[in-house]
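Encoded as structure tokens, the structure appears first; notes follow it.
Counting begins at 1 with the first residue of the sequence. No hydrogens, no waters, no symmetry mates; every other heavy atom, side chains included, goes into these values.
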Amino acid sequence: MSKHSTLSKVGPLVGAFLLCLSGVGLVGPASQARADETSQDQASPVGVDGQGNPLDIPQDLLAAATRESGATEGSVDGYSPSGKSDEKIIGKDGRRHITNTTDFPNRAIVYLHKHNGTHHCTGWLVSSDTLVTAGHCIYNDNGWNFDLEYSPGANGAKRPYGTAKAARIWTDTSWINNRNSKQDWGIVKLDKSFPQVGYFGYRWQSASLDGTNVELRGYPGDKSVGELWGMAGPITESLPNSFRYQIDTFGGQSGSPVFLWDVRQSVAIHTGSTGGEQNRSTRITESLFNIISEVKS
């Protein structure tokens, strides 16, 4: 497994936005849960349209963010129009170069890039016109990021399904106000639909997922522009709002789906490094699950 430098070398003043530019993949012992991660935070949505105008948050969305079902888990299935999910991965251990980007679920993984095509982040479709990513990919110290294009199934310079821009964007109020890493999530409603692509399912559960094998795939900035890479590994720590693992990643893979391969359901959004010997993700809680479901409908 490859080893990269940790985010602790970047320095705390750089800001959480650099998680998508300098995230790392590391090997080492599990770190201890910090005291501020022992209780679960509820997600709280805030959004803007494609011109940066604040969105009125519908009552249904506000209600979804606070609704508790009393259940211990919930899920939404993914969908592939072709019904096929072929896999032909190049490589052995560590990150693998994935070249069959038009196969499902790879085509539902979205390359977030600047207008000139340079790396930025990763996202994943949850409907034909809605994607999930990390909050720091769409909101940073300069505010909302509108200089982004969204290309499903990108492979180098190829954009097999075309490219969209953002029509509406949401993240969490606590991410905007204090960069709360427990709520580092983003949702983008695109200005065009991709019905031929399909989309991921997603799920939440209150029980621990320690030891559960997950797949993480995205567009790392240390590889050639527009290349999709992935790796599988077990979750090593289940915290109320996050998961930790020793899966190798690099900047640009922020926003990648952390998903259960057999059912193509994402359980988390990759966000970067813990600053120690693990990488981390924003866990899909019941609250965030409800928000995603409401926005995509």
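Between F200 and P257, the shortest heavy-atom contact is CZ-CG, 4.0 Å. The two residues S273 and Q278 have their closest heavy-atom pair at OG-O, 3.6 Å. Of all non-hydrogen atoms in V48 and P54, the two that sit nearest each other are CG1-CA, 4.1 Å. The shortest heavy-atom contact between Q40 and N241 is CA-OD1, 3.1 Å. When all heavy atoms of V197 and F104 are compared, the closest pair comes out as O-CD1, 3.9 Å. Considering all non-hydrogen atoms of both residues, W204 and I284 come closest at CB-O, 3.1 Å.
Between Y111 and H119, the gap from one ring centroid to the other is short of 6.0 Å.
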Requested in this report: List the steps and the verdict of salt bridge (Lys or Arg N to Asp or Glu O under 4.0 Å) for R95 and E227.
Outcome: CA-CA 12 Å; R95 289 181 301 163; E227 287 188 351; over 6 Å; no
Report task. May I have the step-by-step check of side-chain contact (heavy atoms from CB on, under 4.5 Å) for R264 and S80, ending in yes or no? Result -> CA-CA 10 Å; R264 314 298 198 270; S80 170; over 6 Å; no
Report task. Applying side-chain contact (heavy atoms from CB on, under 4.5 Å), run through E68 and Q42 and close with a yes or a no. Result -> CA-CA 10 Å; E68 296 182 359; Q42 279 193 328; 3.5 Å; yes
Query raised in the report: Run the side-chain contact (heavy atoms from CB on, under 4.5 Å) check on D129 and S127 step by step: do they pass?
Result: CA-CA 5 Å; D129 66 350; S127 77; 3.1 Å; yes
Query - CA sep, side-chain torsions, deciding dist, call: I247, V214, side-chain contact (heavy atoms from CB on, under 4.5 Å) - result: CA-CA 9 Å; I247 298 172; V214 291; 3.9 Å; yes
Report task. Please assess S75 against D77 for the test side-chain hydrogen bond (donor to acceptor under 3.5 Å, both in side chains), listing each intermediate value before the final yes or no. Result -> CA-CA 7 Å; S75 65; D77 289 335; 4.8 Å; no
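Within the 3.5 Å criterion, the main-chain N or O of D49 finds no donor-acceptor partner in the side chain of N53. No donor-acceptor pair under 3.5 Å is formed between the side chain of D191 and the backbone N or O of A167. Side-chain atoms of S266 come within 3.5 Å of backbone N or O of A268 as a donor-acceptor pair. Side chain of H115 to backbone of D147: no donor-acceptor contact under 3.5 angstrom is found. A donor-acceptor pair under 3.5 Å links the side-chain atoms of D210 to the main chain of S238, judged by distance alone. At least one donor-acceptor pair under 3.5 Å links the side chain of N106 to the backbone N or O of N100. Side-chain atoms of S287 come within 3.5 Å of backbone N or O of A43 as a donor-acceptor pair. Between the side chain of W175 and the backbone N or O of Y139 there is at least one donor-acceptor pair closer than 3.5 Å. Without hydrogens or angle criteria, W124 side chain to G255 main chain gives a donor-acceptor distance under 3.5 Å. Using modelled atom types, no side-chain atom of S281 and backbone atom of H270 make a donor-acceptor pair closer than 3.5 Å.
No side-chain heavy atom of F146 sits under 4.5 Å from any side-chain heavy atom of Q51. Taking 4.5 Å as the limit, some side-chain heavy atom of R107 sits within range of a side-chain heavy atom of P81. Contact check for Y219 versus I109: side-chain heavy atoms found under the 4.5 Å cut-off. A 4.5 Å side-chain heavy-atom check between P45 and W185 finds at least one atom pair inside the cut-off. Considering only heavy atoms from C-beta on, Q253 stays 4.5 Å or farther from M231 through its side chain. Between V110 and V188, the closest side-chain pair of non-hydrogen atoms is not below 4.5 Å. Taking the side chain as every heavy atom from C-beta outward, C137 and H120 approach each other to under 4.5 Å. Between Y150 and L112 the shortest side-chain heavy-atom distance falls below 4.5 Å.
One finds the CZ atom of R280 at 7.5 Å from the CG atom of L239 (value rounded to the nearest 0.5 Å). Here the OG1 atom belonging to T102 is positioned 9.0 Å from the NZ atom belonging to K158, to the nearest 0.5 angstrom. Rounded to the nearest 0.5 Å, atoms OG1 (T249) and CG (N279) are 3.5 Å apart. Interatomic distance, CD1 of I187 versus OG1 of T130, reported as 8.5 Å (0.5 Å rounding). In this structure, the separation between CG on D184 and OG1 on T282 is 4.5 Å, given to the nearest 0.5 Å. Between the CG atom in D41 and the CG atom in D172 there is a gap of 8.5 Å [rounded to 0.5 Å].
The number of heavy atoms from other shown groups lying within 6.0 Å of CZ (R168) does not exceed 12.
For the residue pair T72 / S206, no side-chain donor-acceptor distance below 3.5 Å is found, with atom types taken as modelled. Using modelled atom types and a 3.5 Å distance limit, the side chains of T271 and H136 yield no donor-acceptor pair.
One hydrophobic cluster, built from ILVMFWY side chains closer than 4.5 Å, cannot hold both W229 and F259; they sit in different ones.
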In a table with atom names and distances, give each donor-acceptor pair under 3.5 Å that connects a side chain of residues 290-297 to protein atoms at least two apart or in another chain.
| unit_1 | atom_1 | unit_2 | atom_2 | d |
| --- | --- | --- | --- | --- |
| N290 | ND2 | A64 | O | 3.1 |
| N290 | ND2 | R67 | O | 3.1 |
| N290 | ND2 | E286 | O | 3.3 |
| S293 | OG | Y202 | OH | 2.7 |
| S293 | OG | F289 | O | 3.0 |
| S297 | OG | E294 | O | 2.7 |

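Using a 4.0 Å cut-off between charged nitrogen and carboxylate oxygen, R179 and D141 count as a salt-bridge pair.
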